[in-house]
Amino acid sequence: MNSNRSRPDSRAGRASERVTFDEIALSDDERIATVFHPMKALANRNEADEQALGDERERRGFSRNYRGDMNNPKNQRGMVSDNENTSLFITRLPADVTPAQLLKALAPHGPFGRVWSVHIIPANADKGQTGAAAKLIMFDRAGAEAVYNFIHRGGLSFYNGSTGIRAIVSWNQVKSPPSDPRGTKSRVLIISGPADFVDVKKLRALFSRYFIYQEEEVKLTSHRDSKHEIEFRFCCFHAQAEAASVFLRRLKPSSVFVKFGADPLAQQPPANAQARSSVAEDRWALLGQRRRGGSSS
């Protein structure tokens, strides 16, 4: 597989089209307080700090190498029963798979439910891990069970030549509770407002300055006079769509309207023939397709 392919959800892949913050030309009163980046503190830890943190992780039921937020209730497995857990662990994925590619592979086979977050654990050849893995958290148990059942019965495969390799799914040991029951929060934002601000390149530049994110797809859905509407599909609700929603509401409370849109994984996909036709152009859609005649392992 070609790992040098430009990917729309990669910040590095967007470097050539990134607009600097100065080009957005925000006035001083629009420059709100900087957003805290808690993970930046990781870079300043010494060996003794890491040893102490490893001990604390184990004491609280996490692995020594855990890098998530131990104080986030979504990550505290001791507080979540097995039948409430919404977190899945998926293995045997392509070494260079991205969050967006995994979500797009699942979408034609839904509906499953709303995605809380997705995190890719890269392949590590030094440890004999030739494929990537993913931690996928859904908003509710029903959505997690739907994804689990689909992958468990062999629905998620990728192909190396004519050989099909099935992904494997298990319930993540670091459990996550349901969130926003019967709510409308999602990883998709519908952003509308003045065209000189609600612009794809400008929003990407603005978000990139204040938080780390991955996107599945961004598209202009309406363009009337001087008004734009953009559908911004993040890969995660947590710390991505959620952060962008709060950020925009504080930055432009009177001129920009933000609401949550429908998660594609929670929607009925297009008719089977249309879905197959539309995803066939993307080689990563093979992750979610089952070819006839190909062997599986």
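The analysis underlying the following values was restricted to heavy atoms, covering all of them including side chains, and did not include hydrogens, waters or symmetry mates.
- Below 30°, between 30° and 60°, or above 60°: for Tyr213 and Phe234 the angle between ring planes is above 60°, a perpendicular geometry.
- Residues Glu145 and Phe112 fail the side-chain proximity criterion, which asks for heavy atoms closer than 4.5 Å.
- Val198 and Ile190 are not part of a single hydrophobic cluster, where members link through side-chain heavy atoms under 4.5 Å apart.
- Using a cutoff of 4.0 Å between basic side-chain nitrogens and carboxylate oxygens, Glu231 and Arg233 are scored as salt-bridged.
- Residue Ile212 holds its CD1 atom at 12.0 Å from SG of Cys236, rounded to the nearest 0.5 Å.
- Contact detail for Ala241 and Ser186: the closest heavy-atom pair is CB-O, 3.6 Å.
- A side chain to side chain contact (heavy atoms under 4.5 Å, CB included) with Leu136 is found for exactly one of Leu106, Asn172, Val169, namely Leu106.
- Placement of Ile90 and Ile168 in two distinct hydrophobic clusters is found when ILVMFWY residues are connected by side-chain heavy-atom separations under 4.5 Å, directly or transitively.
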* Asked: Between His228 and Ser192, does a side-chain contact (heavy atoms from CB on, under 4.5 Å) hold up when you go through it step by step?
  -> CA-CA 6 Å; His228 277 181; Ser192 56; over 6 Å; no
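- Using a distance-only test at 3.5 Å, with no hydrogens or angles considered, a donor-acceptor pair links the side chain of Asn85 to the main chain of Ser176.
- Side-chain contact of Asn83 with Ser81: a donor-acceptor pair under 3.5 Å is present, judged by distance alone.
- The heavy-atom pair separating Gly143 from Asp140 by the smallest distance is N-OD1, 2.6 Å.
- At a threshold of 4.5 Å between non-hydrogen side-chain atoms, the residues Met138 and Val147 count as touching.
- Remark: Glu215 engages Arg204 in a salt bridge, criterion side-chain N to carboxylate O under 4.0 Å.
- At distances below 3.5 Å, not a single donor-acceptor pair connects side-chain atoms of Thr86 with backbone N or O atoms of Ala144.
- For the pair Leu102 and Val97, the tightest heavy-atom approach, listed with the atom from each and the gap, is N-CG2, 4.2 Å.
- Side chains of Val118 and Ile137 form no contact here, defined as non-hydrogen atoms less than 4.5 Å apart.
- For the pair Lys252 and Phe197, the cation sits on the ring face: its NZ or CZ lies under 6.0 Å from the ring centre, inside 45° of the axis.
- Between Gln268 and Pro111 there is a side-chain heavy-atom pair separated by less than 4.5 Å.
- Leu206 is not listed as a side-chain neighbour of Lys202, based on a closest heavy-atom distance of 4.5 Å or more.
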* Mind running side-chain contact (heavy atoms from CB on, under 4.5 Å) on Asp263 and Gln267 for me, showing each step along the way? => CA-CA 7 Å; Asp263 188 323; Gln267 302 299 299; over 6 Å; no
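- Between Phe247 and Phe207, the two ring planes are perpendicular [angle over 60°; tilted spans 30° to 60°].
- Both Tyr210 and Ile230 belong to a common hydrophobic cluster when Ile, Leu, Val, Met, Phe, Trp and Tyr are linked at side-chain heavy-atom distances under 4.5 angstrom.
- You'll find the side chain of Phe89 stays beyond 4.5 Å of the side chain of Val174, heavy atoms only.
- The two atoms that bring Val80 and Glu84 nearest to each other are CG1-CB, 3.9 Å, heavy atoms only.
- Arg187 pairs in a side-chain hydrogen bond (donor to acceptor under 3.5 Å, both in side chains) with only one of the listed residues (Glu216, Glu242, His238, Gln240), which is Glu216.
- Among all heavy-atom pairs drawn from Tyr148 and Ser170, the shortest one is CE1-CA, 4.1 Å.
- Clustering ILVMFWY residues whenever any of their side-chain heavy atoms sit less than 4.5 angstrom apart, transitively, puts Val188 in a cluster other than the one holding Leu265.
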* To do: Walk me through it: do Ile191 and Glu229 pass the test side-chain contact (heavy atoms from CB on, under 4.5 Å)?
  => CA-CA 6 Å; Ile191 307 166; Glu229 180 182 271; over 6 Å; no
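- Within the 4.5 Å cutoff, side-chain heavy atoms of Leu156 are placed close to those of Phe150.
- Trp116 does not carry Arg141 over the face of its six-membered ring by the limits of under 6.0 Å from the centre and within 45° of the normal.
- Across every non-hydrogen atom of Cys235 and Pro99, the tightest pair is SG-CB, 3.8 Å.
- In this structure the side chain of Val256 reaches within 4.5 angstrom of the side chain of Pro194, judged on heavy atoms.
- Ion pairing between Arg114 and Asp180 holds under the 4.0 Å rule for side-chain N and carboxylate O.
- Ion pairing between Asp82 and Lys175 holds under the 4.0 Å rule for side-chain N and carboxylate O.
- By the rule that hydrophobic residues join a cluster once side-chain heavy atoms approach within less than 4.5 Å of another member, Leu220 and Leu189 end up as members of one cluster.
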